[in-house]
Q: 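After the C-alpha cells below, expect a handful of questions from me.
From a predicted model like this one, the values you see are computed outputs, not experimental measurements. Chain A is the first sequence line, chain B the second, and so forth, proteins listed ahead of strands; every chain is numbered from 1.
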Amino acid sequence: MYSPEPILEMRGISKTFPGVKALNDVQLTIYPGEIHALMGENGAGKSTLMKVLSGAYQADPGGEIRIDGEPVVIDGPLAAKACGIAIIYQELALAPNLTVAENIHLGMEIGRRGMIDRQAMAEGCGEILKRLGATFGPRTLVADLSIAERQLVEIARAVHARSRILVMDEPTTALSSRETDRLFALVRQLRAEGLAIIYISHRMAEVYELSDRVSVLRDGTYVGTLGRDEIRPETIVRMMVGRDLSSFYKKDHVPGVRNAPVLEVRNVGDGARVRGCSFTLHAGEVLGLAGLVGAGRTELARLVYGADTRTSGEIVIAGKPADIRRPQDAIDAGLVYLTEDRKAQGVFLDMTVAENLNLGVIGRDARAGILNRGKGRWRAARAIKSLTIRVASPDVTVGSLSGGNQQKVLLSRLLETEPKVLILDEPTRGVDIGAKSEIYRIIDQLAKTGVGILVISSELPEIVGIADRVLVMREGEIAGEVGGETGYAITQENIIALATGVDRSLMAAE
Amino acid sequence: MSAAEEAALATHRRIMLQGLLRTVGMLPVLVILCILIHVLTLYVTGEGRFLTAQNLSIVAQQAAINTVLAAGMTFVILTGGIDLSVGSILAASAMVAVIASQDFGVLGVPAAMATGLFFGLLNGALIAFVRLPPFIVTLGSLTAVRGVARLLGNDTTVFNPELPFAFIGNGSLVIIPGVLSIPWLAVIAIAVILASWFILRRTVLGVHIYAVGGNADAARLSGIKVWAVLLFVYAVSGLLAGLGGAMSAARLYAANGLQLGQSYELDAIAAVILGGTSFVGGIGSIWGTLIGALIIAVLSNGLILLGVSDIWQFIIKGLVIIGAVALDRFRLQGSART
C-alpha cells in the first residue's frame with residue numbers, strides 16, 4: 001500500500017517542561033500515501049509530539065527528525081512549512097474577515113510593488129478548491145462558511161503550499177455525520193495523491209474505518225504501532241491504558257448512603273453541546289464523570305451550576321427543586337463548582353490568600369455590608385491549617401503560590417460555604433503529585449462527612465481510584481455508567497469503551 | 001531557627017517590603033517635587049514661595065475638585081473600566097447647582113449630586129446591562145452630557161451672586177483661629193477620600209470591586225453580582241462628578257456649560273494612574289489616587305509660581321506624568337502592572 005521509504009521519521013523525541021516530562025524517547029514513522037492514526041488518552045503526549053513536529057515546541061536535544069531520510073531541524077513554523085508539514089488544528093487558524101483566496105495565500109500573497117493581485121490569487125487556488133470538491137469560490141468570505149467548509153479551506157491551504165505531511169487534530173469533533181463522510185472521502189483522495197496523513201482522534205470507529213496504521217502513546221511514551229490487520233478496538237484500548245493504579249488513591253469513606261440523594265439532575269441540556277442528561281448523586285458519594293475532551297462534561301457541570309443557560313431539564317438539591325439561573329442561585333442552594341480553568345476563572349491572582357478564601361462568605365459574615373475582619377482572619381487560619389496550604393502568611397497574593405496551593409485556596413473558598421454538593425472539574429490539573437494525593441484525601445474526608453461530590457477528570461486512573469461510581473459522557477450525552485449497581489466494574493477499559501463507543505459486549509463485569 | 005523558618009521569614013519580609021512600596025507608591029515623587037519647586041522658587045525669585053501656609057492652602061484648594069473626580073475614577077478603573085464623562089457631568093451638575101440655588105438656595109448642592117448620580121447610573125446601566133464597552137459609553141456621554149450642560153443655561157453663563165453655599169468654595173474650616181484653617185474644598189476632598197477608603201477596604205462591596213477588576217469571569221462564577229458592582233462604580237463616579245460640580249459652582253458663583261470641566265476627565269485619569277492603580281483593574285488604592293492628584297496640583301501651582309508660560313506648563317505636565325509612571329514601573333519591575 002505504501003512505498004518502503006518513510007517520508008517522516010521521528011526518533012528519540014523527548015520534551016521536558018519544568019517539572020514534567022511530557023514526551024520520553026518517542027518515535028513515529030510515517031510513509032507517503034498512508035493514513036496514520038495517533039491515539040492516546042488525554043495528556044498522553046499526542047499534541048506535544050505534533051507541536052514538536054510543527055516547530056511550536058523544541059524537543060530536548062538528542063532526538064532526531066528525518067524527512068525523506070534526511071535529518072532536518074524544525075525550529076519554527078516556517079521550517080515546518082519548508083519541510084512540507086501542515087497542521088490543521090481543532091481551533092481552525094483562519095482569518096474570518098478575509099476571503100478564501102486571501103486565507104490560502106496568507107503570508108505568500110501574490111502582488112507587485114506592494115500592490116496585491118487578487119485576480120492571480122483567486123485563479124491560483126480556484127483550481128485546487130474545485131479539485132477538493134468545494135462548493136464555494138475563492139472570493140467567498142471565510143466568515144460565511146461552515147466549520148466543515150473552513151476545514152476544507154485549511155486543507156486547500158496545505159495542498160496549495162505543496163505540503164506532503166498533513167496532521168489533522170480531531171477534525172471531526174464539530175462535524176455532522178454527513179460532513180464527516182465527505183471529509184473521509186477527501187482524506188482518502190489526498191492519500192491517493194501520495195500525501196501522508198497523521199490523524200489524531202479519540203473515536204475508535206473513525207480510526208478503525210480510516211486508518212492504515214495506528215500508533216499509540218501513553219504517559220508521554222511510545223507504546224507501539226499496529227498494522228492494518230492488527231487494528232482492533234480492544235487491542236488499542238489495552239495499549240492506551242495498561243498501567244497499574246498508584247497506591248495513593250485511598251478510600252476511607254463508606255460509599256454512598258443510598259436513598260439519600262443530594263443532587264438530582266433530570267434531562268438537562270443546552271440545546272447544543274449537552275443533551276438530555278440525567279443522573280443522581282447521593283450524600284457521601286464520590287461520583288466520577290468521565291469522557292473524552294469535548295464530550296460535554298464541563299458544559300454539563302456549568303449548566304447545573306447556572307454558569308451557562310440551560311434550555312431544558314430540572315435540578316433538585318437535597319429533595320428541593322432548585323431554580324438555578326445563575327451561580328449565586330446554586331451557591332444559595334448548597335451546590336458549588338470548582339472550575340477546570342483555575343487561573344482564568346477561579347482564583348483572584350492579585351488578591352491575598354485570606355481575601356480569596358473568604359470571598360464566598362464575606363457577605364454572610366458581614367454586618368450591614370461592613371467586613372468582619374476578625375472572622376475572616378479566623379477562617380483563613382483554619383483553612384490554611386486544615387487543608388495544609390503552604391503559605392508564608394495569609395496576606396500574600398495567590399499569584400505567588402504554586403498550582404497545588406492555589407487549588408487548595410480555591411477549594412477552601414468553596415468549602416467555607418459549607419456546601420451539600422461539590423462539583424470538582426479537573427481538581428488535580430496542574431498540581432504536583434504531593435498536592436494531588438492531599439486533594440484526594442480532602443475529597444475522601446468530605447465524602448465521609450456526607451457531602452455529595454461529582455468529580456470530572458480526564459485522568460482515568462484518578463477517576464477509577466477515587467470514584468464510587470462513574471458516569472461516562474459521549475458527544476453531549478451520558479453514554480453509560482459503571483460501578484455501583486450497574487454490574488460493570490470501574491475499570492479504565494470499561495470507561496474508554498463507553499467514552500469511545502465501542503460495543504458494550506466488550507465491557508468487563510464486576 | 002531552621003533553614004525553612006528562615007526562608008519563610010525572608011519571604012514574609014519581602015512581602016512586607018513590597019506591600020510598603022505599593023502603599024507608599026508615588027509619595028517620594030511628591031515630596032521631591034515639593035522640595036524641588038520650593039528650591040527653584042528660592043533660586044528664581046529670591047524667596048521660597050512654595051512651602052508657605054498660604055500657598056499650600058491654595059494648592060489644597062486647587063487639588064480638591066480633581067481629587068474628588070479621581071476618587072470616583074478610582075472605583076471605575078479598579079473594575080477595569082474608564083469614565084470619560086466626568087468633566088461633562090461636572091459641567092451639567094454645576095449648571096443645575098447654580099440654577100437651583102436661585103430658587104431653592106442650598107438645595108442646589110443635593111440637586112447637583114442627584115444630577116451627577118443620574119448620569120452615572122445611565123452610564124452604569126448601559127455598561128452593566130447592555131454590556132457596551134465603558135470607553136464607548138462614556139465617550140458618548142462625554143459629548144451628550146456636554147450638550148445637556150449647554151442646554152440647561154440656554155448656552156449662557158448662569159450666575160448667582162447671592163449663592164448660599166459659596167462658603168464651600170471660598171471659605172475655610174477654622175481649626176485653630178489665626179493659626180490653622182483648612183479650605184472647605186479640601187475638607188470635602190479628604191472626606192471623600194476617607195469614605196472611598198472605607199468602602200474599598202472595609203466593606204463586602206469593596207472586595208467585590210477588586211474581585212471584578214481582578215478576574216471578572218471568576219467573580220461571576222463565584223456568585224458576585226458583577227452587574228451590581230459595575231452599576232455602583234459608575235454611579236459613584238457620576239455622584240462625585242456631581243459633587244465636583246457643586247464645588248466648582250460654589251467657587252465661581254457661576255457656571256458655564258461650554259467651558260466648565262473641559263478635559264477634567266484627563267486630569268482625573270492621570271491622578272489615578274499616577275497613584276499606581278492598574279489600568280486593567282484589580283490593583284490600586286485610594287491613597288495612591290490622593291497622591292497622584294496632589295502631584296498634578298503641586299506641579300501646576302509650582303510652574304505658575306516659577307512664571308512658566310501656559311504652553312510650557314502643558315508640555316511639562318504631560319512629560320512628568322509619563323516619566324513618573326515609567327519610574328514607578330521601573331521601581332516595581334515584575335510586581336506591578338500599570
Q: Are the side chain of A/Tyr305 and the backbone N or O of B/Leu221 linked by a donor-acceptor pair below 3.5 Å?
A: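 Judged by distance alone, yes, a pair lies under 3.5 Å.
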
Q: Which answer fits A/Arg413, side chain, backbone, both or neither, if we ask what part of it has an atom under 4.5 Å from a heavy atom of chain B?
A: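 The side chain, not the backbone.
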
Q: If we define contacts as heavy-atom pairs under 4.5 Å, which of A/Arg326, A/Glu355, A/Gln345 has the most with chain B?
A: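 Result: the option with the highest number of such pairs is A/Gln345.
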
Q: For a 4.5 angstrom cut-off between non-hydrogen side-chain atoms, does B/Thr289 reach B/Met73?
A: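 In short, these two side chains do not touch, never coming nearer than 4.5 Å.
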
Q: Just so I understand: if I count every heavy-atom pair under 4.5 Å between each of A/Gly360, A/Ala366, A/Ala344, A/Gly363 and chain B, which residue has the most?
A: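 Most heavy-atom pairs within the cutoff with chain B belong to A/Ala344.
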
Q: With only heavy atoms counted, which part of A/Val347 is less than 4.5 Å from chain B, the side chain, the backbone, both or neither?
A: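 For A/Val347, backbone heavy atoms alone lie under 4.5 Å from chain B.
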
Q: For chain A, find which of B/Val207, B/Val204, B/Ile199, B/Leu205 contributes the most heavy-atom pairs closer than 4.5 angstrom.
A: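 Among B/Val207, B/Val204, B/Ile199, B/Leu205, the one with the most close pairs to chain A is B/Val204.
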
Q: Where does A/Ala307 contact chain B at under 4.5 Å (heavy atoms): side chain, backbone, both or neither?
A: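 Both parts, backbone and side chain.
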
Q: Regarding A/Tyr337 and A/Asp425, do their side chains bring together a donor and an acceptor under 3.5 Å, going by distance alone?
A: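 Per modelled atom types, A/Tyr337 and A/Asp425 side chains form a pair under 3.5 Å.
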
Q: Under a 4.0 Å threshold between the charged nitrogen and the carboxylate oxygen, would A/Arg302 count as salt-bridged to A/Asp270?
A: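 Here A/Asp270 does not pair with A/Arg302 in a salt bridge, since their nearest N and O are not under 4.0 Å apart.
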
Q: Can you say whether A/Ile362 sits under 4.5 Å from chain B via the side chain, the backbone, both, or neither, judging by heavy atoms?
A: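 Looking at A/Ile362, backbone and side chain both touch chain B.
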
Q: Which distance, rounded to the nearest 0.5 Å, do you find between the CZ of B/Phe75 and the CG of B/Leu240?
A: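 If we round to the nearest 0.5 Å, B/Phe75:CZ and B/Leu240:CG are 7.5 Å apart.
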
Q: Using a strict cut-off of less than 4.0 Å between a Lys/Arg side-chain nitrogen and an Asp/Glu carboxylate oxygen, indicate whether A/Lys436 and A/Glu459 qualify as a salt bridge.
A: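 Salt bridge between A/Lys436 and A/Glu459, a charged N being under 4.0 Å from a carboxylate O: yes.
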
Q: Report which part of B/Ala216 has an atom under 4.5 Å of a heavy atom belonging to chain A: side chain, backbone, both, or neither.
A: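 Neither; nothing under 4.5 Å.
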
